[in-house]
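The chains referred to below are lettered A, B, ... by the order of the sequence lines, with proteins before strands, and numbering in each begins at 1.
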Amino acid sequence: MNLHHIRARRASGEAAAARAPTARDEVVYATGESALGKVLVARSPVGICAILMGDTEDELTADLAARFPNRVLVSSRSRTSDDLGKVLRFINKPSTGLDLQFDMRHGTAFQRKVWEVLRTIPCGATITYAALARRIGQPEAVRAVANACAANAIALGIPCHRVLRSDGTLSGYRWGVEWKRALIKKEAPS
DNA sequence: ATTGAAAGCCTGG
DNA sequence: CCAGGCTTTCAAT
């Protein structure tokens, strides 16, 4: 295998998907304005690795930096405009879905199990923490499941806003319960 | 109906 | 190893 092959595999993202993320994997990001507030979208060579919400750009980039401490962060509107567009469109009309590839390599094995199940919850539907725990085969790990939801960096893409308490009430949300309430309302079947 | 405590289990420090 | 969390269940006001 020569240098060209190596370069090609790196560029394809497939090799990157197989290995653990390294400092060589740039994280490219940009922020935008949605109807509900500011949003940040970030991608690695593998896919979208973060979708964050917040009130100010500083807050958003600080959040990103905290989640990816030893990666090179690159602000680039041009390299993220497609992604950002999709996310903003999704917020306006969630029923259209979010067609993006995700990079969930950060996250423990347990967390990824939870996130995978979460991705199967369709727009307009909700699930309970207890049911989520059952689905991953660990019915007792309810509280750990909630923590896994809280650890999710890919808001909207991994729809942890569709998780409610067993009594049907709205529970916490990393980005504030107001966002959660607004998203669920927007997704509710008319 | 409310409140409190304990259980159960993954994480980060 | 320990403390704590986007929970849940159960017992006691």
Rounded to the nearest 0.5 angstrom, the CE-CZ distance for A/Met53 and A/Arg174 is 9.5 Å

May I ask you to decide if the ring planes of A/His106 and A/Trp115 are parallel, tilted or perpendicular, using 30° and 60° as cut-offs? tilted

Please work out if A/Tyr129 contacts a base, only the sugar-phosphate, or nothing of the nucleic acid, heavy-atom cut-off 4.0 Å. base

The nucleotide from C/dT7, C/dC6, B/dC9 with an atom nearest the side chain of A/Tyr173 is C/dC6

Nearest whole angstrom, please: distance from the C1' of B/dC10 to the NZ of A/Lys113. 11 Å

Rounded distance in Å - CZ (A/Arg134) to P (C/dT9): 8 Å

Quick one: A/Arg174 CZ to C/dG5 C1', roughly how many Å, whole number? 14 Å

Please state how far atom CG in A/Asp167 lies from atom P in B/dA1, giving the value in whole angstrom units. 12 Å

How many Å lie between CG on A/Asn147 and P on B/dG8, as a whole number? 17 Å

So A/Ala141, base contact, sugar-phosphate only, or nothing? Heavy-atom distance under 4.0 Å. sugar-phosphate

May I ask you to say what A/Arg143 touches in the nucleic acid, namely base, sugar-phosphate or nothing, with a heavy-atom cut-off under 4.0 Å? base

Between C/dT7, C/dC6, C/dG5, spot the one nearest the side chain of A/Lys180, thanks. C/dC6

Distance below 4.0 Å between A/Thr128 side-chain N/O and C/dC6 OP1 or OP2: no

Would you tell me whether A/His161 and A/Glu187 have side-chain atoms, one donor and one acceptor, within less than 3.5 Å of each other? yes

Whichever of A/Glu140 and A/Ala148 has the more 5' nearest nucleotide on DNA chain B, that residue is A/Glu140

